[in-house]
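In this chain, numbering begins with 1 at the start of the sequence shown. We count ligands from 1, going down the list as the structure has it; atoms in each ligand are counted the same way.
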Amino acid sequence: MEKFVIQGGNRLTGEVSIGGAKNAVVAVIPATLLAKGRCVIRNIPNISDVSILLKMLSSMGASVSFLDKSTVEIDTTHIHNPTVPYDLARYLRASYYYLGALIGRCGRASVSMPGGCHFGVRPIDQHIKGFEALGATVSIDHGMINAKVEKQLMGSHIYFDVVSVGATINVMLAAVRAKGLTILENAAKEPHIVDLANFLNTMGADVRGAGTDVIKIHGVDIMRGADYTIIPDQIEAGTYMIAAAATGGDVLVKNVIPKHMESITNKLIQTGVEVEEFDESIRVRRRGPLSATTIKTMPHPGFPTDMQPQFTAMLTLAKGTSVVTEGVWDNRFRYVDELARMGANIQVDGKVAVVQGVETLTGAPVKATDLRAGAALMIAALTAKGTTEIEDIYHIERGYEDVVEKFRSLGADIRRVETPNLEIPAAL
Ligand code: EPU
């Protein structure tokens with residue numbers, strides 16, 4: 001058991017460099033299965049989601065070795081066990097990308113229902129609809145999703161009922177190896193969808209239109225290993241931008257694609273923050289008070305749901321009343337109770353949170369309820385008077401590399417400490 005102990009009140013200043021995108025790398029690692037050969041993936045973030053996905057690959061027979069801290073070599077020549085068991089899948093949602101990749105590679109897969117952050121119901125009906133349209137038979141039995149292709153995957157025309165990042169990626173992974181043309185309509189457009197398509201094309205696939213809502217895939221028989229560099233993490237970058245703004249700091253966020261940051265940049269400017277864009281970096285500085293604003297999260301290019309908790313944490317200190325509407329998930333305000341213990345004034349009604357700005361937050365013991373909720377608590381803690389202790393930081397370490405070192409280098413007073421297991425006395 002570990003926790004973060006944060007002494008708030010320091011303005012963040014200096015430079016921070018952003019790592020590879022979690023939500024891209026978690027699709028690219030399973031995609032390496034689509035070629036029998038060797039891939040080198042660069043700009044890999046040092047996060048636990050990556051370690052678990054690599055462990056899954058090894059358990060299938062792939063050989064995995066790090067060439068340096070952020071470069072991994074994966075050889076998928078020999079795959080003998082197209083299965084992802086519960087004890088690994090339970091840690092993260094993206095484990096289900098092995099379904100699409102294994103269907104494409106082996107024509108069969110058995111993957112445990114995935115874990116990941118809890119935002120209410122997280123159905124996978126659109127993934128299954130897509131696999132079935134390509135000719136796979138899919139069943140769910142005792143928590144295992146089993147897929148099998150009798151003859152060959154066949155290209156198909158698939159219209160997704162909802163815009164889903166996961167379904168777009170998963171079906172793309174299988175369709176690159178299907179015979180003929182697959183058209184995905186109402187596809188998700190996130191930067192990581194484009195990154196995966198670029199990786200697949202580097203492996204010899206023929207994917208066009210990624211980044212728009214219609215993706216056309218001409219299936220190919222053979223794919224080859226590739227050398228590929230993951231894009232920078234939009235959400236990690238946004239988190240440091242908001243942390244800089246919330247603490248009244250001045251930070252240069254390096255190794256970003258400013259175009260990916262536009263919806264976040266725009267909202268920061270609306271709240272009175274100065275944002276200056278360069279080719280591959282963004283400077284965020286706040287000299288005046290924060291003003292309230294409205295936010296509605298939407299699929300890309302809208303304001304990302306994965307930035308909603310962090311932005312809300314900052315708005316707790318803005319002058320006036322802000323309204324935050326969650327447009328993607330049913331229940332992504334669980335962290336609000338934790339912020340309330342730090343003195344935030346937030347009323348939640350279903351998918352809408354009304355935030356009444358307060359002068360200051362105060363340190364308190366809190367719990368990360370999921371990955372971005374944890375990031376939001378870190379931001380709140382950095383601004384707060386006094387000490388905040390954040391528990392369940394494994395959520396945060398799933399998606400933020402070297403988070404203590406990075407915040408420390410910006411002047412934050414943060415420590416990661418071991419907490420003794422609490423012995424609960426047996427009932428008399
Ligand atoms: N949905 C369905 N049916 C499906 C799939 C999704 O109804 O078959 C619904 C969901 O219930 C949700 C909406 O569609 O209301 C969007 O879900 P989506 O499938 O796009 O989400 P996801 O693929 O499960 C990814 C990210 C999340 C991010 C969402 C939205 C990964 C590994 N996860 O999840 O990231 O919130 O897209 O952008 O890429 C995070 O990084 O903190 C995180 C949670």
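Remark: minimum distance from atom 9 (C) of ligand 1 to any protein heavy atom is reached at Val162 CG2, 4.1 Å. In terms of protein heavy-atom proximity, atom 19 (O) of ligand 1 is nearest to Ser164 OG, 2.6 Å. Ranking protein heavy atoms by distance to atom 8 (O) of ligand 1, first place goes to Gln126 N, 2.8 Å. Summary of contacts: the protein heavy atom closest to atom 33 (N) of ligand 1 is Asn23 ND2, 3.8 Å. At the top of the distance list for atom 3 (N) of ligand 1, counting protein heavy atoms only, stands Asp125 OD1, 2.8 Å. Atom 5 (C) of ligand 1 has its closest protein heavy atom at Pro123 O, 3.3 Å. Protein heavy atom in closest approach to atom 38 (O) of ligand 1: Thr305 CG2, 3.8 Å. Shortest contact from atom 27 (C) of ligand 1 to any protein heavy atom: Asp306 OD2, 3.7 Å.
Put simply, part of Lys22 is less than 4.0 Å from ligand 1, judged by heavy atoms. Contact analysis leaves Ile169 out of contact with ligand 1, as no non-hydrogen atom separation drops below 4.0 angstrom. Within the structure, ligand 1 has Arg332 among the residues with a heavy atom less than 4.0 angstrom away.
The structure places CD1 of Ile396 at 12.0 Å from CD of Glu2, a figure rounded to the nearest 0.5 Å. In this structure, CG on Leu196 lies 5.5 Å from CD1 on Ile169, to the nearest 0.5 angstrom. Summarising the geometry, atom OH belonging to Tyr335 is positioned 13.0 Å from atom CZ belonging to Arg372; distances are rounded to the nearest 0.5 Å.
Two rings, from Tyr394 and Tyr91, have their centers 6.0 Å or more apart.
Atoms of ligand 1 found under 4.0 Å from any heavy atom of Arg122 (numbered from 1 in listed order, with element): 22 (P), 24 (O), 34 (O). Those atoms of ligand 1 that come under 4.0 Å of a heavy atom in Tyr96, given as number and element, are 22 (P), 23 (O), 24 (O). Taking a cut-off of under 4.0 Å to the non-hydrogen atoms of His127, the atoms of ligand 1 that pass are 8 (O). Under a 4.0 Å criterion applied to the non-hydrogen atoms of Ile124, ligand 1 contributes the atoms 8 (O). Proximity to Leu371 (heavy-atom distance under 4.0 Å) selects the following atoms of ligand 1: 42 (O). Under a 4.0 Å criterion applied to the non-hydrogen atoms of Phe119, ligand 1 contributes the atoms 44 (C).
Looking only at side-chain heavy atoms (C-beta outward), Leu134 and Ile158 come within less than 4.5 Å of each other. At least one side-chain heavy atom of His395 sits less than 4.5 Å from a side-chain heavy atom of Asp392.
Ring geometry, Trp329 versus Phe119: the interplanar angle falls from 30° to 60°, so the pair is classed tilted. The aromatic rings of Phe311 and Phe303 lie perpendicular to each other, with more than 60° between the two planes, well past the 30° mark.
At least one N or O atom of Gly166, backbone or side chain, sits closer than 3.5 Å to an N or O atom of ligand 1. Between Arg372 and ligand 1, an N or O atom pair is found at a separation short of 3.5 Å. At least one N or O atom of Val165 sits closer than 3.5 Å to an N or O atom of ligand 1.
The side chain to side chain donor-acceptor pair (under 3.5 Å) test with Arg332 is passed by exactly one of Thr297, Thr369, Thr305: Thr305. Considering Arg416, Lys3, Arg415 as possible partners of Glu389, the one that fulfils the salt bridge (Lys or Arg N to Asp or Glu O under 4.0 Å) test is Lys3.
Neither the backbone nor the side chain of His300 comes within contact range of ligand 1; no heavy atom lies under 4.0 Å. Contacts between Arg398 and ligand 1 below 4.0 angstrom, taking non-hydrogen atoms only, are absent altogether. The parts of Val328 lying near ligand 1 are both backbone and side chain, judged by heavy-atom distances below 4.0 Å.
Classification of Asp206 and Arg208 as a salt-bridged pair holds, one side-chain N sitting under 4.0 Å from a carboxylate O.
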Exercise for the section: Could you walk me through whether Lys254 and Glu15 pass the salt bridge (charged side-chain N to carboxylate O under 4.0 Å, His left out) test, one step at a time? Expected result: CA-CA 7 Å; Lys254 295 190 336 188; Glu15 298 182 354; 3.0 Å; yes
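Taking both residues in full, the closest heavy atoms of Tyr98 and Pro30 are given as CE2-CA, 3.6 Å, listed atom of the first, atom of the second, then distance.
Side-chain atoms of Glu236 come within 3.5 Å of backbone N or O of Gly19 as a donor-acceptor pair.
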